[in-house]
Every structure is written in C-alpha cells, then in structure tokens.
Amino acid sequence: SSFITPTGHHIVQLRGNNNNNNNNKNVVGNTFGKSSMFSGNSVKVNNTKIMETSKSIFEEVSGSLPSRILKHLYLGSLNHAESLIMLNKLGIEYIVSVGENVNWIEKFKYNKNIKDNGNIEYEFNDKNLNIKKLLIINELSDDGMSTITLSLKNSLELINECYEKDSKILVHCQVGVSRSATVCICEVMKRLNLSICRAYLFVRVRRLNVIIQPNLKLMYELNKWEEN
C-alpha cells in the first residue's frame, strides 16, 4: 500500500509473509526486501509479472525512499534506480541517470538514441518492464570539473515529456546529493518560475534524510543558466 503524508511525501509499504524464513522479510516503510511476491524466476507486482533477469535487481534497498520533489519528480540514488520493484510500486516510468549506469539495461529490449552531446536515451519496448525511457547523462562526475550545462536540455526535455504524460520520473546520481539534485533544482526553477536560491531550498526541504550539496561548479552553471 502507499499513501501521501501531510507534508507531501510519498510513503510505500510492501508486506511479505510473516514467518521465520530469512528469505521472506516483511518490508515496511523505508526498506524494500525480498518477500512472498517472489516465485521462481519471476515476480508479480500489482498483478504485473516482471521477469527476474538478474539477482541484483531484486536485492534489498535499505534506507530512505526517493524524495518526491514535485508531483511528477523524484530525486534519489543509484540503488533506487536499480530496484525495479520499488520503481513499479511508485509508478515511476522515466529515469534520468546523471553520470551513472544502471545494471539492468541490457536485460530488456530497447531502442537507443545517441544525442549530439553523447548522452544516450533508451526507449524500452519490453512487456516485462514498466520503464518507458531512460536517459543516461554520460561523463559527468562529481569532481568539481565536469560540466552539466549541455546536458540540462536533454534532462528537462525528458522530464517535461513525463510531466505532459502525467507520469513520474526519477532523477538520480550515485547518492542523490549533488549532480541529480542540480537537475531537480533546474526543473523546479523552470516549472515553478523560482530563483536559484528558492529552488535550492524547495528541493532541500523535500529531500528526506539527505542534505543536498551540489558542488560549486554545478551551482555556478545553474546561476549562468538562470541568467540566460
């Protein structure tokens, strides 16, 4: 089951069989684990059968959930992006992966579109996967030197496509603190017509259990983007 808290945060509860088998764990609140939904080489979520293609896809995701920034926008980590069960439960159908690669791409059927700037957009056409599109922002490290400006256009376009289709998108990097937070701040600036400072605070107060800290280079680029 899932519900929205008075502060606008999306909480999901997954429950498995309550027994002494360590392979069957109750999953409540902020922890996702293996449960009685598993059967053989496949898993059923909301009556949708997802084929188990890699054990790591279904390993536990512990800690906080992705943070709901806007109705259509979630900010999270690589672990979140690699948990297909959790993405399905949250209704997330689009992903922007900022400088990271998820481990399940090659397990499903897709069409690949390489952008002029080297970013890669995957459009999935696989009945066993609920994800529709995944954008990989390549060669963007959190080293204080990598540039994000040229990739903001691709990111905002996919986020807007998701918004117009009344769907949900996860923006993530390794932890969900710097690079992906920068993209979310940019979307909030654009969507709500806020200044960089107000957009930063808007995202920060909605990032549960994590303090966002875009590096100075990324904040400088956001400032220049705002001026233009």
Side-chain angles (χ1 to χ4, degrees), residues 1-5 7-14 25 27-35 37 43 45-46 48 50 52-108 121-122 124 129-137 140-142 155 158-159 162-163 167-188 203-214:
S1 63
S2 65
F3 59 93
I4 306 298
T5 69
T7 57
H9 298 119
H10 194 163
I11 303 300
V12 175
Q13 293 180 317
L14 297 181
K25 299 179 181 179
V27 187
V28 182
N30 285 343
T31 302
F32 287 78
K34 299 175 183 178
S35 73
M37 293 183 296
V43 60
V45 180
N46 291 344
T48 300
I50 301 176
E52 182 178 357
T53 57
S54 172
K55 179 180 177 181
S56 60
I57 291 175
F58 302 102
E59 288 177 351
E60 291 186 3
V61 176
S62 299
S64 62
L65 297 174
S67 301
R68 191 180 190 185
I69 307 302
L70 295 169
K71 179 182 177 182
H72 64 291
L73 181 66
Y74 284 78
L75 171 59
S77 67
L78 178 59
N79 284 339
H80 296 144
E82 292 183 341
S83 176
L84 293 179
I85 293 178
M86 186 197 66
L87 295 175
N88 184 69
K89 286 294 293 183
L90 291 176
I92 292 172
E93 298 179 315
Y94 296 81
I95 300 174
V96 175
S97 183
V98 188
E100 304 293 336
N101 290 301
V102 298
N103 61 1
W104 48 258
I105 294 176
E106 299 300 328
K107 308 299 181 180
F108 301 98
E121 184 178 273
Y122 295 88
F124 294 96
L129 181 68
N130 291 325
I131 302 299
K132 294 180 178 178
K133 287 188 178 181
L134 164 66
L135 175 66
I136 301 288
I137 305 299
L140 182 57
S141 301
D142 190 25
S155 302
L158 186 60
I159 294 172
C162 168
Y163 174 82
S167 187
K168 298 173 184 176
I169 189 166
L170 171 69
V171 181
H172 79 91
C173 50
Q174 180 69 36
V175 182
V177 167
S178 181
R179 293 167 291 173
S180 55
T182 300
V183 174
C184 288
I185 292 170
C186 190
E187 165 65 7
V188 169
V203 175
R204 178 164 177 162
V205 299
R206 287 163 175 79
R207 183 68 171 111
L208 294 176
N209 302 325
V210 179
I211 298 177
I212 63 169
Q213 294 179 318

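Being a predicted model, the structure only gives us computed values, none of them experimental. The first residue of the sequence shown is numbered 1, and numbering continues consecutively from there.
When Leu170, Leu208, Ile212, Ile169 are each tested for a side chain to side chain contact (heavy atoms under 4.5 Å, CB included) with Leu75, only one passes: Ile212.
Counting only heavy atoms from C-beta outward, the side chains of Leu84 and Phe108 approach each other to under 4.5 Å. Looking only at side-chain heavy atoms (C-beta outward), Asp142 and Cys173 stay at 4.5 Å or farther from each other. Side-chain contact between Leu90 and Arg68: absent, with no pair of heavy atoms (C-beta onward) separated by less than 4.5 Å. Annotation: side chain of Leu135 is in contact with side chain of Ser155 (closest heavy-atom distance under 4.5 Å). The shortest distance between side-chain heavy atoms of Leu87 and Ile95 falls below 4.5 Å.
No side-chain donor-acceptor contact under 3.5 Å links Lys133 to the backbone of Leu158.
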- Give the C-alpha distance, both sets of side-chain angles, the deciding distance and a yes or no for side-chain contact (heavy atoms from CB on, under 4.5 Å) between Val183 and Ile159. CA-CA 10 Å; Val183 174; Ile159 294 172; 4.0 Å; yes
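Listed by chain and number, the residues in a salt bridge (Lys or Arg N to Asp or Glu O under 4.0 Å) with Lys132 are Glu93 (sequence neighbours excluded). In terms of the side chain to side chain contact (heavy atoms under 4.5 Å, CB included) criterion, residue partners of Tyr163 (sequence neighbours excluded) are, by chain and number, His72, Asn160, Arg191. With sequence neighbours excluded, the residues forming a side chain to side chain contact (heavy atoms under 4.5 Å, CB included) with Val177 are Val175, Val210, Gln213, listed by chain and number. Applying the side chain to side chain donor-acceptor pair (under 3.5 Å) criterion to Ser97, with sequence neighbours excluded, gives His172.
The heavy-atom pair separating Ile185 from Pro214 by the smallest distance is CD1-CG, 4.0 Å. The nearest pair of heavy atoms linking Asn101 to Leu78 is O-CD1, 3.8 Å. Looking at every heavy atom in both residues, Phe124 comes nearest to Ile105 through CE2-O, 4.0 Å.
In this structure, a donor-acceptor pair under 3.5 Å is absent between the side chains of Arg206 and Ser67.
Considering OH of Tyr94 and CG of Leu134, their distance stands at 12.5 Å, rounded to 0.5 Å. The distance from the OG atom of Ser180 to the CZ atom of Arg207 is 7.0 Å, given to the nearest 0.5 Å.
Judged as a salt bridge (Lys or Arg N to Asp or Glu O under 4.0 Å), the pairs with a partner in residues 175-185 (not counting sequence neighbours) are, in order, Glu100-Arg179.
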